[in-house]
> 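One structure, as structure tokens, below. Some questions next.
Numbers restart at 1 for each chain; the letters A, B, ... are given by sequence-line order, proteins then strands.
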2 protein chains.
Amino acid sequence: MLELQVGVAKIGKYATPESGDTLEMIERPHGGFSFVLADGQGSGRGAKTLSNLVTTRAISMLKDGARDGAVARAVHDYLYAYRHGQVSATLNILSVDLSARSVLVSRNNPCPFYVIDEQGMTTYNEPSTPIGLYSMTKPVITKISLRPYVYVVVFTDGILHAGRRYNESIELDNYLGNFNVRQGRTAQEVTDDLLGRAVELDQNRPNDDMSVIVMAALPMESENKVRRMTVCFPVERA
Amino acid sequence: MLELQVGVAKIGKYATPESGDTLEMIERPHGGFSFVLADGQGSGRGAKTLSNLVTTRAISMLKDGARDGAVARAVHDYLYAYRHGQVSATLNILSVDLSARSVLVSRNNPCPFYVIDEQGMTTYNEPSTPIGLYSMTKPVITKISLRPYVYVVVFTDGILHAGRRYNESIELDNYLGNFNVRQGRTAQEVTDDLLGRAVELDQNRPNDDMSVIVMAALPMESENKVRRMTVCFPVERA
């Protein structure tokens, strides 16, 4: 058996009540899961509304069985038509397709994503544009076969640019390039580590909304067929 | 600060490739989250398709901002109209509404749900019918205020009836009635414990699809504003 783990961690821009990043997960009708991550232009309420609109449309289509490439195109077309090319959002869809035994990453985002396996790290940074601004925008789609000791790391630009205002850099290439997949670190450990570094580089006041998704495929000894999800979020006391 | 934790665990009926229970989570447009749990009539592929249909419709409406009671009614009407009163599904919606500082449970399910706080355990078992069979079915809705040391426990009937074929009973009243909320057990610990007991009572061959959701509101020392989600699911190796 393989255990698929997905870890997600998010934090909003400092002193901004709402994060403009929205992350949604759905179970795919043919089996497997999709994680949809949108970063709405700007920050605060407007950005949140925008990323909510984009993810709502995307998960509705994915739940209806639409393929990821069609979803990314249609969500772009919707945003472009109804907001007249005046607002943009980045859109990443990470899908685990159990029937095809593969992971698909659809990217409408200048930010790269990373895959780490026993051969080392690969950066996927083909030119890619956010949705909403120009007609006929389409995603860059990458297929990764599902095998033990593979990590897929996807994030929004708040992570990539962490520390910039202090002339520091998160140096993801360095950090992920030295990552030993055989240690079998959990997806949540890697997620927390990346978000923690980014927040620290921004001196504990995130300069932008930050979101990280890490998927890990790890060997599993037991035959335990239980699926689990844990969600934790802080709420201010009344 | 309060930490809201939600734990989910699911397992399918023994020797059945697909679980007929579907669980989806969405972020609500006004803040907070909704968990939608549907148990499609029967088991296997037909039940899975049904519970997928029901949850898809529900999360699309919830993401559009519809109130939970309207969603449960509309999803029933849809199923009743298009499947002619011939199929049924149970539907539970557990929503954390951050603006109203409350938890709402909408129940179209003969199975009860439980709330445990410092005053003890409360069983919510007002008569409630599944959706799909009769015209004008509506949910039973319960509002719980968000406060420290509250646990909300929701599940499908595979949990409630665990052990039945061996003349055993899970005795949830007993187990949850003796639960000390001040111990601050995590939502995932309680979830895993409940599912583990149910599977054991069915002698490790679950007699039905089983799903558990536990929400816990616990005091939190730190000012950490990170939101986290972890998903783990086993996949058979090729």
Side-chain angles (χ1 to χ4, degrees), chain A residues 1-12 18-19 22-27 29 31-33 35 48-49 52 55-57 59-60 63-64 96 98 101 146-148 186-188 191-192 195-196 199 206 217 219-220 222-238, chain B residues 1-12 18-19 22-27 29 31-33 35 48-49 52 55-57 59-60 63-64 96 98 101 146-148 186-188 191-192 195-196 199 206 217 219-220 222-238:
Chain A
M1 301 278 283
L2 267 184
E3 178 166 62
L4 277 187
Q5 303 179 345
V6 181
V8 175
K10 287 178 73 201
I11 193 166
E18 287 179 287
S19 165
T22 301
L23 180 281
E24 296 285 356
M25 175 185 91
I26 56 107
E27 187 182 358
F33 295 84
F35 294 80
K48 184 68 197 177
T49 302
N52 254 329
T55 54
T56 298
R57 184 59 55 138
I59 63 172
S60 297
K63 279 297 291 177
D64 281 343
V96 181
L98 295 182
R101 301 195 62 78
L146 212 51
R147 54 194 193 278
T186 68
Q188 194 64 49
T191 305
D192 289 345
L195 186 70
V199 170
M220 185 172 142
S222 81
E223 291 292 304
N224 191 334
K225 290 197 171 167
V226 176
R227 292 179 171 191
R228 285 193 176 78
M229 173 164 73
T230 307
V231 181
C232 291
F233 53 103
V235 178
E236 276 177 54
R237 261 165 124 144
Chain B
M1 298 280 282
L2 268 184
E3 179 167 61
L4 277 187
Q5 303 180 345
V6 181
V8 174
K10 288 180 72 203
I11 192 166
E18 285 178 286
S19 165
T22 301
L23 181 281
E24 296 286 357
M25 175 186 91
I26 58 104
E27 187 182 359
F33 295 85
F35 294 80
K48 185 69 199 177
T49 302
N52 253 331
T55 53
T56 298
R57 182 60 55 140
I59 63 172
S60 296
K63 280 297 291 178
D64 281 344
V96 181
L98 295 182
R101 302 195 61 79
L146 211 53
R147 55 193 191 277
T186 68
Q188 194 65 48
T191 306
D192 288 347
L195 187 71
V199 170
M220 186 172 141
S222 82
E223 290 293 303
N224 191 334
K225 292 198 171 166
V226 176
R227 293 179 172 191
R228 289 193 173 77
M229 174 166 72
T230 308
V231 180
C232 291
F233 52 104
V235 178
E236 277 178 50
R237 261 166 121 144

> Taking B/K10, B/Q5, B/R147, B/M220 one by one, which has the highest count of heavy-atom pairs under 4.5 Å against chain A?
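Heavy-atom pairs under 4.5 Å are most numerous for B/K10.
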> Is it the side chain or the backbone of A/L4 that comes within 4.5 Å of chain B heavy atoms, both, or neither?
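It is both, since atoms from each part get that close.
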> Answer with side chain, backbone, both or neither: which region of B/Q188 has an atom nearer than 4.5 Å to a non-hydrogen atom of chain A?
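Side chain of B/Q188 only, per the 4.5 Å heavy-atom cut-off to chain A.
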> If the test is side chain to side chain contact (heavy atoms under 4.5 Å, CB included), which one of B/K225, B/E3, B/R228, B/R227 qualifies with A/F233?
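Considering B/K225, B/E3, B/R228, B/R227, a side chain to side chain contact (heavy atoms under 4.5 Å, CB included) with A/F233 is found only for B/R227.
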> Measure distances from A/I26 to the heavy atoms of chain B and classify the residue's part below 4.5 Å as side chain, backbone, both or neither.
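Both backbone and side chain.
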> Would you mind checking which part of A/A187 comes under 4.5 Å of any heavy atom in chain B, side chain (CB onward), backbone (N, CA, C, O), both or neither?
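When you check distances to chain B, no heavy atom of A/A187 falls under 4.5 Å.
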> Examine whether an atom of A/P206 lies under 4.5 Å from a heavy atom of chain B, and if so say whether it belongs to the side chain, the backbone or both; otherwise answer neither.
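No part of it gets close to chain B.
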> Between B/E18, B/E24, B/K48, which shows the greatest number of heavy-atom pairs under 4.5 Å with chain A?
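So the answer, after comparing B/E18, B/E24, B/K48, is B/E24.
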> Heavy atoms, side chains only, cut-off 4.5 Å: are A/L23 and B/M229 in contact?
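With C-beta onward as the side chain, the pair touches.
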> Looking at B/I11, B/D64, B/V235, B/N224, which makes the most heavy-atom pairs under 4.5 Å with chain A?
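Maximum pair count with chain A is reached by B/V235.
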> Just so I know, are the side chains of B/S60 and A/K63 near enough to count as touching, which here means a heavy-atom distance under 4.5 Å?
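They are not in contact (no side-chain heavy atoms under 4.5 Å apart), so the answer is no.
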> If I compare all heavy atoms of A/P29 with all of B/N52, which pair ends up nearest, and what's the gap?
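Closest approach of A/P29 to B/N52, heavy atoms only: CA-ND2, 3.7 Å.
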> For A/M25 and B/M25, run side chain to side chain contact (heavy atoms under 4.5 Å, CB included): C-alpha distance rounded to whole Å, both residues' side-chain angles, the deciding distance at 0.1 Å, then the answer.
CA-CA 7 Å; A/M25 175 185 91; B/M25 175 186 91; over 6 Å; no
> Is B/L98 in contact with chain A via its backbone, its side chain, both, or neither, using a 4.5 Å heavy-atom distance?
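Interface part for B/L98: side chain.
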> Quick one: of A/L2, A/T55, A/T230, who has the most non-hydrogen atom pairs under 4.5 Å with chain B?
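Looking at each option in turn, the highest pair count goes to A/T230.
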